[in-house]
Amino acid sequence: MERPIDQTDDDPRELQRRIEQASRIASRVSDQTTVGRLTAWIDELKRTLRQHMEARRAKDAIRTRARELWEQNGRPEGRDLEFWLQAETEITNRRLSEM
């Protein structure tokens with residue numbers, strides 16, 4: 001069953017597909033109210049896609065740093081959460097200092 005038009009997955013491929021679909025529809029519609037609503041929805045989808053991609057990049061950076069910390073500490077068992085949280089703090093602080 002198809003979901004309502006305003007509900008999207010976090011899957012970037014699905015978001016991109018919906019952006020392309022809405023753009024095609026908007027190019028064929030003559031009613032300006034409908035075009036305006038489609039354009040607003042496209043903008044919202046693009047923002048969601050950007051946020052998703054930024055979150056994915058941050059998670060990848062945290063994962064990489066956590067692994068580095070784990071390896072630097074001799075690959076101990078049972079401390080994965082400790083290294084993840086440390087990496088998360090480092091990456092978050094780095095991003096905040098860049099703003």
Side-chain angles (χ1 to χ4, degrees):
M1 182 172 166
E2 187 75 19
R3 283 177 302 214
I5 201 166
D6 62 342
Q7 293 181 355
T8 61
D9 290 335
D10 285 336
D11 179 14
R13 292 172 301 216
E14 178 64 16
L15 289 167
Q16 188 60 44
R17 186 187 72 75
R18 288 181 182 255
I19 290 167
E20 291 166 3
Q21 182 182 36
S23 297
R24 282 192 307 273
I25 293 168
S27 70
R28 295 184 198 137
V29 173
S30 60
D31 177 61
Q32 291 306 306
T33 301
T34 303
V35 170
R37 288 179 179 166
L38 283 167
T39 301
W41 187 55
I42 291 166
D43 291 343
E44 180 183 330
L45 289 171
K46 287 179 179 179
R47 274 192 305 279
T48 301
L49 181 59
R50 268 194 311 276
Q51 290 170 347
H52 178 77
M53 297 308 288
E54 289 170 10
R56 178 181 278 179
R57 281 190 293 273
K59 188 174 181 179
D60 289 345
I62 292 167
R63 181 181 298 112
T64 299
R65 181 61 182 142
R67 183 169 180 89
E68 289 171 357
L69 293 168
W70 175 69
E71 288 177 350
Q72 289 170 0
N73 284 276
R75 299 180 177 187
E77 290 186 32
R79 293 177 57 195
D80 52 330
L81 180 60
E82 173 189 344
F83 296 127
W84 181 270
L85 294 174
Q86 182 179 347
E88 188 175 52
T89 299
E90 289 177 14
I91 299 298
T92 301
N93 288 340
R94 185 181 326 144
R95 289 176 187 254
L96 289 174
S97 69
E98 292 172 356
M99 294 179 133

- Task: Might you work through the salt bridge (Lys or Arg N to Asp or Glu O under 4.0 Å) test for Arg17 and Glu14, ending with a clear yes or no?
- Result: CA-CA 5 Å; Arg17 186 187 72 75; Glu14 178 64 16; 2.9 Å; yes

- Between the side chain of Thr92 and the main-chain N/O of Thr89, is any donor-acceptor distance below 3.5 Å? no

- Message: Given 3.5 Å as the limit, does a donor-acceptor pair link the side chain of Trp84 with the main chain of Arg63, or not?
- Response: no

To the nearest 0.5 Å, how far apart are [atom1] in [X] and [atom2] in [Y]?
X	Y	atom1	atom2	result
Gln86	Asn73	CD	CG	7.5 Å
His52	Gln16	NE2	CD	12.0 Å
Ile62	Leu69	CD1	CG	11.5 Å
Leu85	Leu81	CG	CG	4.0 Å
Arg18	Thr48	CZ	OG1	11.5 Å
Ile42	Glu20	CD1	CD	10.5 Å

- Query: Which pairs count as salt bridge (charged side-chain N to carboxylate O under 4.0 Å, His left out) when at least one residue sits in residues 78-88, sequence neighbours excluded?
  - Reply: Arg79-Glu82

- Any pair counted as salt bridge (charged side-chain N to carboxylate O under 4.0 Å, His left out), so long as it reaches residues 69-78, sequence neighbours left out: Arg67-Glu71, Glu71-Arg75

Which atom names give the shortest non-hydrogen contact between [X] and [Y], and what distance separates them?
X	Y	value
Ala22	Trp41	CB-CZ3, 3.5 Å
Val35	Val29	CG2-O, 3.5 Å
Ala87	Ala66	CB-N, 3.5 Å

- Is Leu49 close to Lys46 at the side-chain level, that is, under 4.5 Å between some pair of heavy atoms? no

- Excluding sequence neighbours, so at least two apart, what forms side-chain contact (heavy atoms from CB on, under 4.5 Å) with Ala61? Ile91, Arg95

